[in-house]
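Structure, as structure tokens:
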Amino acid sequence: MMIPAGPVQLRPVEESDAAVVAAMMTPAISHWVLSWPERLTREDAAERIARVRADADAGYGLFCVIERLPDRLVVGWISITRSRDELQRGALGYWLGEAYQG
């Protein structure tokens with residue numbers, strides 16, 4: 001499933017995204033996104049991706065990378081999640097790599 005959104009599209013995150021996601025997670029990004037560590041290895045990113053894919057399969061969220069069109073370069077991450085305790089509550093979060101902000 002791809003979701004077009006103007007000059008970008010959203011697609012579900014895949015394990016093959018681990019290296020690029022890890023490279024974009026800098027201290028400047030993690031400062032604003034508290035659930036992400038300052039330093040993220042490819043292995044850490046792959047573990048996170050496996051966890052969020054399991055959450056998505058269980059119906060607790062949608063986790064996507066943001067791709068720039070037309071070259072499909074990954075520029076960020078977006079998630080829509082449901083509370084496990086209160087199913088009517090949720091959260092929307094996103095971040096863009098430093099090079100793609102502004």
Side-chain angles (χ1 to χ4, degrees):
M1 167 189 64
M2 305 277 188
I3 302 170
V8 298
Q9 71 179 2
L10 311 179
R11 70 160 169 78
V13 64
E14 301 169 355
E15 187 176 335
S16 61
D17 297 314
V20 69
V21 168
M24 283 192 299
M25 184 48 58
T26 62
I29 301 297
S30 70
H31 172 79
W32 296 106
V33 189
L34 298 177
S35 68
W36 290 76
E38 265 190 29
R39 306 275 184 236
L40 188 69
T41 66
R42 195 206 78 65
E43 293 78 18
D44 295 337
E47 287 177 22
R48 179 177 283 259
I49 289 168
R51 274 196 323 270
V52 301
R53 287 179 59 95
D55 283 350
D57 290 345
Y60 287 108
L62 176 64
F63 303 86
C64 295
V65 290
I66 304 166
E67 291 182 327
R68 182 177 71 187
L69 295 174
D71 60 4
R72 298 192 62 190
L73 179 70
V74 174
V75 299
W77 177 287
I78 188 166
S79 62
I80 303 168
T81 57
R82 252 178 26 176
S83 168
R84 292 178 186 271
D85 300 325
E86 297 179 53
L87 297 181
Q88 289 75 28
R89 293 187 62 182
L92 169 68
Y94 73 94
W95 56 265
L96 298 172
E98 285 184 74
Y100 311 107
Q101 297 178 12

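Since this is a predicted model, take the numbers as computed values, not measurements.
Each of Ile66, Ile49, Leu10, Val33 was checked for a side chain to side chain contact (heavy atoms under 4.5 Å, CB included) with Trp77, and the lone residue meeting it is Ile49.
Between Arg39 and Asp44 the shortest heavy-atom distance is O-OD2, 4.3 Å. Closest non-hydrogen pair, Ala23 versus Thr26, comes out as O-CG2, 4.2 Å. Taking all atoms of both residues into account, the shortest heavy-atom contact from Ala18 to Ala45 is O-CB, 3.4 Å. The minimum heavy-atom distance between Pro37 and Ser30, with the atom names listed, is O-CB, 3.4 Å. Considering every non-hydrogen atom in both Arg68 and Val8, the closest pair reads CA-CG1, 4.2 Å. Scanning all heavy atoms of the two residues, the minimum distance from Arg53 to Glu14 falls at NH1-CA, 3.9 Å.
Here the straight-line distance linking atom CD of Glu38 with atom NE2 of His31 works out to 10.0 Å at 0.5 Å rounding. To the nearest 0.5 angstrom, Asp17 atom CG is 4.0 Å from Arg11 atom CZ.
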field: side chain to side chain contact (heavy atoms under 4.5 Å, CB included) between Asp55 and Arg82, intermediate numbers included
entry: CA-CA 10 Å; Asp55 283 350; Arg82 252 178 26 176; over 6 Å; no
- request: Given side chain to side chain contact (heavy atoms under 4.5 Å, CB included), test Arg48 with Met25 step by step and report yes or no.
  value: CA-CA 13 Å; Arg48 179 177 283 259; Met25 184 48 58; over 6 Å; no
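A single hydrophobic cluster is seen to contain both Val75 and Leu92, as judged by linkage of ILVMFWY side chains at heavy-atom distances under 4.5 Å, directly or through other members. A continuous path of ILVMFWY side-chain contacts below 4.5 Å connects Leu73 to Tyr94, so both sit in one hydrophobic cluster.
The side-chain heavy atoms of Val52 and Val13, taken from C-beta on, include a pair separated by under 4.5 Å. In this structure the side chain of Met24 never reaches within 4.5 angstrom of the side chain of Val65, judged on heavy atoms.
At distances below 3.5 Å, not a single donor-acceptor pair connects side-chain atoms of Arg42 with backbone N or O atoms of Ala22.
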